[in-house]
Number of protein chains: 2
Amino acid sequence: MGDKYDCLKLKSQLCFPLYACSKEIIRKYKPFLDKFDLTYTQYITMMALWENESMNVRELGLVLFLDSGTLTPVLKKLESKGYLERKRSKEDERNLIVTVTEKGWKLREEALSIPESMSSCVNLEPEEASELYRLLYKVLGTQAR
Amino acid sequence: MGDKYDCLKLKSQLCFPLYACSKEIIRKYKPFLDKFDLTYTQYITMMALWENESMNVRELGLVLFLDSGTLTPVLKKLESKGYLERKRSKEDERNLIVTVTEKGWKLREEALSIPESMSSCVNLEPEEASELYRLLYKVLGTQAR
DNA sequence: CGGAGATAGTTGCAATTGCTATTAAATTGT
DNA sequence: ACAATTTAATAGCAATTGCAACTATCTCCG
């Protein structure tokens, strides 16, 4: 029994639970990230750099699905905290190379506790979690930037 | 073959694809919402009201997973566009009752085209979409506010 | 060469977001 | 009744976001 407006219900669309879920999970991170004086965006930026050590802003943006206009202030903030360095490339001065500092690598050690603490926050069976993971990446894969 | 830092990789965590997916989908909405001069938050707020006609800010926040501090400016904006009215309740003056106006109901007619246009944007099989939906609501259900 | 066009990053802008006061109103306990 | 507590909404703050406009640099092609 549905009327023609059913498609305009919050429960009819995938986007809404996606949106809500994302925000709720990030909210769960807050107390753990607060200990390190990191925001979620700063955290995933450091995660990307820990995996890659050195990237330019464009590459970072591709990995994180973030605009360079969003990243610039985040990177400046992380630089001011001493976790990374920002330097123009010698080969191509348009590129700004972002590099993890000594202090940034130390942070990684301590940050190991964050995923540990968070792991208990999503109450899905392991198979469900990996299925959710697969579906999300399938959707992401089909979203051309 | 993993080292102790594997858990700090973007690909090891559910939160990151959730976050990225949510943003990408909302970005897909933009061109369709632009036609109505609506933002995504304004759109889901109207959707909640179309389903309920009249709610106070607290109830809206529960439905949308949004803080009242976030909703206040959104509601003022939508009021200024003429889609809703904000009035204090007679019974309990702490409550601000939000009601859809005539113009707000007209908007609903036109907004029917939005989910139509969007439906082609997520390339999942129907079973996959409903499984994703189920998993997201399971995660949401376990997130106590 | 040297200009046209492409590319990388920054800045400005409007809106979102969660949080912490703060204010106002209602409820509860004595 | 009235003080203490709880509840509802708003205001202020810092950070995030995407987008458009802009600057600087590089590349390509005549």
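All values derive from a computational prediction rather than experimental measurement. Residue numbers begin at 1 in each chain, while the letters A, B, ... track the order of the sequences.
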**Q.** Atom-to-atom span, CD of B:Glu24 to C1' of D:dG18 - whole angstrom
**A.** 11 Å
Q) Hey, does the side chain of B:Thr39 come within less than 4.0 Å of C:dT16's phosphate (OP1/OP2), counting only N and O? A) yes
Q. Nearest-Å distance, CZ (B:Phe65) to P (C:dT17)?
A. 13 Å
Q: Could you tell me which residues satisfy side chain to side chain donor-acceptor pair (under 3.5 Å) with A:Glu93, sequence neighbours excluded, listed by chain and number?
A: none
Q: Mind calculating the distance between CG (A:Leu64) and P (C:dG9) to the nearest angstrom?
A: 13 Å
Q: Would you please name every residue forming a side chain to side chain donor-acceptor pair (under 3.5 Å) with B:Glu91, sequence neighbours left out?
A: B:Ser89
Q. Distance under 6.0 Å and angle within 45° of the ring axis: does A:Lys11 meet both against B:Tyr137?
A. yes
Q.
Considering only residues two or more places apart or on different chains, which pairs with a residue in residues 55-65 of chain B satisfy side chain to side chain donor-acceptor pair (under 3.5 Å)?
A. B:Asn56-B:Asn95
Q.
From the set C:dT17, D:dA15, D:dA9, return the single nucleotide nearest to any side-chain atom of B:Arg58.
A. D:dA9
Q | Rounded distance in Å - CE (A:Met55) to C1' (C:dA8) | A | 16 Å
(Q) Is the phosphate of D:dA15 approached by A:Tyr43 (side-chain N or O, under 4.0 Å from OP1 or OP2)? (A) no
Q. Counting side-chain heavy atoms from C-beta on, which of D:dT17, C:dT17, C:dT10 comes nearest to A:Tyr19?
A. C:dT17
Q: Write down the distance between NZ (A:Lys23) and P (C:dC19), rounded to a whole number of angstrom.
A: 10 Å
Q: Check whether any side-chain N or O of A:Lys30 sits under 4.0 Å from OP1 or OP2 of C:dC19, and answer yes or no.
A: no
Q) Which whole-number value in Å describes the distance from A:Leu62 CG to C:dT7 P? A) 13 Å
Q: Starting at atom CG of A:Asp34, determine the distance to atom P of D:dA15, rounded to an integer number of angstrom.
A: 12 Å
**Q.** Listed partners of B:Lys4 passing side chain to side chain donor-acceptor pair (under 3.5 Å), at least two apart
**A.** A:Glu109
Q) Below 4.0 angstrom, N of the basic side chain to O of the carboxylate: do B:Glu79 and B:Lys76 qualify? A) no
Q: Would you please confirm or rule out a distance under 4.0 Å between OP1 or OP2 of C:dT16 and any side-chain N or O of B:Thr41?
A: yes
Q: Only counting residues at least two apart or in another chain, list the ones meeting side-chain contact (heavy atoms from CB on, under 4.5 Å) with B:Ser117.
A: B:Phe32
**Q.** Within residues 71-96 of chain B, residues whose heavy atoms come under 4.0 Å of DNA chain D
**A.** B:Thr72, B:Lys76, B:Arg86, B:Arg88, B:Arg94, B:Asn95, B:Leu96
Q: Using a 4.0 Å heavy-atom cut-off across all strands, classify A:Ser68 as base, sugar-phosphate, or nothing.
A: base
Q: Measure the distance from OH on A:Tyr40 to C1' on D:dT17 and round it to the nearest whole Å.
A: 14 Å
(Q) At 4.0 Å (heavy atoms only), tell me whether A:Thr70 reaches a base, stays on the sugar-phosphate, or touches nothing. (A) base
